[in-house]
There are 2 protein chains.
Amino acid sequence: MAGIDRSLVRALPLFEKLSDLEIDRMLARATLRRVLPGEAVFEQGQKATQFFLLLHGRLKVTQVTADGQQIIVRMVHPGDIFGFAKALQREDYPGTPTAAAESVVICWPTEVWGMFVEQNPHLAVNAMQSIGQRLQEAHTRIREMATEEVERRVAHAVLRLIDQAGKKEATGIRIDFPISRQDIAEMTGTTLHTVSRILSAWEAKGLVKGGRQKLLVRDAAGLQILAEGLTS
Amino acid sequence: MAGIDRSLVRALPLFEKLSDLEIDRMLARATLRRVLPGEAVFEQGQKATQFFLLLHGRLKVTQVTADGQQIIVRMVHPGDIFGFAKALQREDYPGTPTAAAESVVICWPTEVWGMFVEQNPHLAVNAMQSIGQRLQEAHTRIREMATEEVERRVAHAVLRLIDQAGKKEATGIRIDFPISRQDIAEMTGTTLHTVSRILSAWEAKGLVKGGRQKLLVRDAAGLQILAEGLTS
DNA sequence: CACTTTCGTTGCGCCAAAACAAAGACCTCG
DNA sequence: CGAGGTCTTTGTTTTGGCGCAACGAAAGTG
């Protein structure tokens, strides 16, 4: 293994306040892995032997319920850590991260985490902030699911997507990876039928432009108004 | 201030692997505060100047949406840290923790957290595990809200309550603090009317015994079956 | 290029649960 | 102990959005 170049990760929040030397020491224990679209990095329920950092690409983390229903727990964006079962006090992975686009991940054995933290408390602080951020997001989603109707939830989900993975184009903002109606449904706790209806209605109003596995937001401000529920 | 006795906190997970000396040093910066039922420790939106540890009692953390709806984000049990905005990368408190029963909390100024962590990485690790646990719970709730119908959600919520705050009695397990139908509704994303109907139905089946601000679970196993959705 | 598979759209009936409404139970406090 | 508040129960009406179903369109496959 030729080693991973420090410049790839230097700027990530996780490595903030770490010295070059310390980063190199971590990277020395890491391996790189390429993940093809549709491929899973690991499977829900497997013993957690590694934790990961997404370098490039996009993953969706799904959970399957006992009765076979699937939901998307979160999206993983470049720079995020995932599969971090250690922090969750778990032995097994709680979900399955599947590549939505071709991705590259860094892998560490779980055992090295304790060692890294002993050597540098900043790492623990940075990781905690990342997890804290996710907790925040989770609470936001809980609040939305508890109080909002489907259309507003979908609006929020789409806004979040263009925020985290939006790419400006001539006619609007495109979601930068393949995403289906089914995916949006699994993110918002509804059915693909309902999502399809909603997106069709939005397209008729000129808010978005749909397509197979594609979504272009023409009028983010308009969506925002819908999300706030000011239309009544 | 006479100082807080170490024995009160020695056994808590947050202080695991810390020496007596280190705990004393932390307690030296802390103050105690008593919170009466109905009183809030702080208010949503306030600048986060302190973080807290619940020593005794029970708190419910609520968030209010822009349009005035309220939801219960989580319950705080003895030994839990809360108001930990630092970890969430926030300046203000995201929710309001209100005492459900008379409570005692330990308060620290937010600034001291960084100092404590520098001195002992274990503290960061312990705190991260606490937050990780909460993230787990949040994901569980999201999955429930997305896939389950109201009755199962309520069953799950009640089971979680007797797990975290259950007290064995002759005829069953009692929830150890005053809790209203409204509270349960706000925990499960429904209305108090629906919760009332569900509990009445359960009472008719002998699963629970209700009362004003009270709930006694007679048959936890029966509830579990409902929660799993095996009845169909 | 036909064949298959996957993904998206749309119409319709139905039901869980919310909204609306009203009355009853229990607690507190002057 | 009576008045007013809070909490709970129960009935009726209304509706959002799910389940079912069928069709259309695009992408992949041999």
Side-chain angles (χ1 to χ4, degrees), chain A residues 36-38 60 65 67-72 98 100 144-155 157-158 175 177-205 208-216 226 229 231-232, chain B residues 36-38 60 65 67-72 98 100 144-155 157-158 175 177-205 208-216 226 229 231-232:
Chain A
L36 298 178
K60 55 180 180 194
T65 61
D67 54 323
Q69 285 191 83
Q70 191 172 87
I71 68 150
I72 295 183
T98 309
E144 288 174 6
M145 306 249 313
T147 64
E148 297 178 1
E149 304 200 332
V150 173
E151 185 172 16
R152 287 181 61 187
R153 297 210 301 268
V154 174
V158 170
I175 291 174
F177 59 91
I179 186 165
S180 68
R181 315 290 145 125
Q182 177 74 45
D183 290 334
I184 296 177
E186 286 174 12
M187 293 173 61
T188 51
T190 181
T191 61
L192 86 153
H193 308 271
T194 303
V195 171
S196 181
R197 277 179 246 270
I198 290 173
L199 291 186
S200 295
W202 287 353
E203 190 155 355
K205 285 199 229 166
V208 302
K209 177 83 180 62
R212 190 191 175 81
Q213 308 248 64
K214 286 184 295 191
L215 193 59
L216 177 78
L226 264 181
T231 46
S232 67
Chain B
L36 297 177
K60 56 181 179 193
T65 61
D67 54 324
Q69 283 191 84
Q70 192 172 87
I71 68 150
I72 296 183
T98 309
E144 288 174 7
M145 306 249 317
T147 64
E148 297 178 1
E149 306 200 328
V150 173
E151 186 172 16
R152 289 181 60 186
R153 297 210 302 267
V154 175
V158 171
I175 292 174
F177 58 92
I179 185 165
S180 68
R181 313 292 144 123
Q182 177 74 47
D183 289 334
I184 296 177
E186 287 174 10
M187 293 173 61
T188 50
T190 181
T191 62
L192 87 152
H193 306 269
T194 303
V195 171
S196 181
R197 274 179 244 271
I198 289 172
L199 290 185
S200 295
W202 288 354
E203 191 155 356
K205 285 198 228 167
V208 302
K209 178 82 179 66
R212 189 192 176 80
Q213 309 246 65
K214 285 184 296 194
L215 193 59
L216 177 79
L226 265 181
T231 46
S232 66

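Below, chains carry the letters A, B, ... as their sequence lines are ordered, and counting in each starts from 1. From a predicted model like this one, the values you see are computed outputs, not experimental measurements.
- Under 4.0 angstrom from either OP1 or OP2 of C:dT10 there lies at least one side-chain N or O belonging to A:Ser200.
- Electrostatic pairing of B:Glu144 and B:Arg152 does not count as a salt bridge here, judged by no charged N lying under 4.0 Å from a carboxylate O.
- Relative to the side chain of B:Arg197, the nucleotides D:dT12, D:dT9, C:dT10 differ in distance, and D:dT12 lies closest.
- Among the protein residues, B:Leu199 comes within range of no part of the nucleic acid, since none of its heavy atoms lies under 4.0 Å from any strand.
- Checking C:dC7, D:dG16, C:dA19 against every side-chain atom of B:Thr191, the shortest atom distance belongs to C:dA19.
- Put simply, CZ on A:Arg181 and CG on A:Leu215 are 6.5 Å apart, with the number rounded to the nearest 0.5 Å.
- Summarising the geometry, the separation between NZ on A:Lys214 and P on C:dT9 is reported as 12 Å, rounded to the nearest angstrom.
- Atom pair B:Gln69:CD and C:dA18:P shows a separation of 11 Å (rounding to whole Å applied).
- The separation between A:Glu148 atom CD and C:dA17 atom C1' is 18 Å, rounded to whole Å.
- Counting only heavy atoms from C-beta on, B:Arg212 has its side chain closest to C:dC26 among C:dC26, D:dC18, D:dT10.
- Regarding contacts with the backbone of D:dG16, every side-chain N or O of A:Thr194 stays at 4.0 angstrom or more from both OP1 and OP2.
- Proximity note for B:Ser196 (side chain, C-beta onward) versus D:dG17, D:dT8, C:dT9: the nearest is D:dT8.
- In this structure, CD of B:Glu203 is placed 7 Å from P of D:dT9, rounded to the nearest angstrom.
- Taking the side chain as every heavy atom from C-beta outward, B:Val208 and B:Leu216 never approach each other to under 4.5 Å.
- The nearest whole Å value for the distance from the CZ atom in B:Arg152 to the C1' atom in C:dA16 is 15 Å.
- The shortest distance between side-chain heavy atoms of B:Glu151 and B:Trp202 falls below 4.5 Å.
- The interatomic distance linking B:Glu151 (CD) with C:dA18 (P) rounds to 13 Å, in whole Å.
- When rounded to the nearest whole Å, the span between CG of B:Asp183 and P of D:dT6 equals 15 Å.
- Contact of the B:Leu199 side chain with the B:Val195 side chain is registered, since non-hydrogen atoms from C-beta on lie closer than 4.5 Å.
- Atom P of nucleotide C:dA18 and atom CZ of B:Arg153 are separated by 8 Å, given to the nearest angstrom.
- For a distance-only test at 3.5 Å, the side chain of A:His193 qualifies as a donor-acceptor partner of the base of C:dT10.
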